[in-house]
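Take a look at the structure set out below.
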Amino acid sequence: LDFARLALPDRPVLYHNAYNLTDETLELFSNRNPKYRVMTPETLCACSALPYIEDPVVMDGKTYCEGATVDTVNFKDLLDNHPDLEEVWVSRILDLKQIRKPENLYDALNNLVMLFAATTSEDDVKLFKQHVKEERPHLRVIEIPVAHNVDYDWTYSNLDRSIAEGYEAADVVVAAYREGRA
């Protein structure tokens, strides 16, 4: 991924968060918002460093882990930073239907983290949609469906499948959007 291209003016503004374990604060990273630290491969690894699954990431002498452990979606900052938004595209990566019966202790620990993250992110999106409906009814929320046959098996083949299915899901939603159905 060429991160320099993410900063081009024609790119949408992207955010992700990571939890700073050293300072006990949630931090945001962005490709184009100067208010936050710049999104890099390291910050993306930090935002994906799930406890029990991936090691924390050290950046600038501080240790980070998955930001979803504190705030799964962080819609508040998005709305505060962009009061003129007309639409928000939501791409959740977790869903309860991805949970599988554990085969061993590793799977059970994985499910522990993923069950919490999947339900919390789904609930946060529902709350966000309700908030938007009440407070900013002009704002469209477009949700890309989660691929259910991708599970939490941390293998390259599963990663490859999740990437391919993510593209397919996005293509379907974009096509519906262009036709006025989304």
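Sequential numbering from 1 along the given sequence is applied to the chain's residues. Since the structure is predicted, the reported quantities are computational estimates derived from the model, not experimental observations.
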- Message: Filter on side chain to side chain donor-acceptor pair (under 3.5 Å), then keep only pairs touching residues 162-182, sequence neighbours left out; what's left?
- Response: E87-Y177, N149-E165, E179-R181

- Message: Does anything in residues 111-128 form a side chain to side chain donor-acceptor pair (under 3.5 Å)? List the pairs, not counting sequence neighbours.
- Response: T72-D124

- If a pair satisfies ring pair (Phe, Tyr, Trp, His ring centres under 6.0 Å) and one of its residues is in residues 118-147, list it, with sequence neighbours excluded. F75-F128

- Task: Considering only NZ, NE, NH1 and NH2 on the basic side and carboxylate oxygens on the acidic side, decide whether E143 and R92 come within less than 4.0 Å.
- Result: yes

- Task: May I ask you to decide whether D107 forms a salt bridge with R100, counting only side-chain N to carboxylate O separations under 4.0 Å?
- Result: no

- Task: For the pair H16 and F29, name the ring-plane relationship: parallel under 30°, tilted 30 to 60°, perpendicular over 60°.
- Result: parallel

- Item | Under 3.5 Å side-chain donor-acceptor pair for Y64 and E27 | yes

- Task: Spell out, as yes or no, whether a donor-acceptor pair under 3.5 Å connects the side chain of N110 to the backbone of Y106.
- Result: no

- Message: Using every non-hydrogen atom in the two residues, find where K35 and N33 come nearest and quote the distance to one decimal.
- Response: N-OD1, 2.8 Å

- Note on the structure: Between M114 and L50, the two heavy atoms sitting closest are CE-CD1, 3.2 Å

Does some side-chain heavy atom of [Y] sit less than 4.5 Å from a side-chain heavy atom of [X]?
X    : Y   : value
I144 : V90 : no
V88  : L78 : yes
R37  : L28 : no

- Query: Given Y15 and N31, is the side-chain hydrogen bond (donor to acceptor under 3.5 Å, both in side chains) satisfied, shown in steps?
  - Reply: CA-CA 7 Å; Y15 295 90; N31 64 325; over 6 Å; no

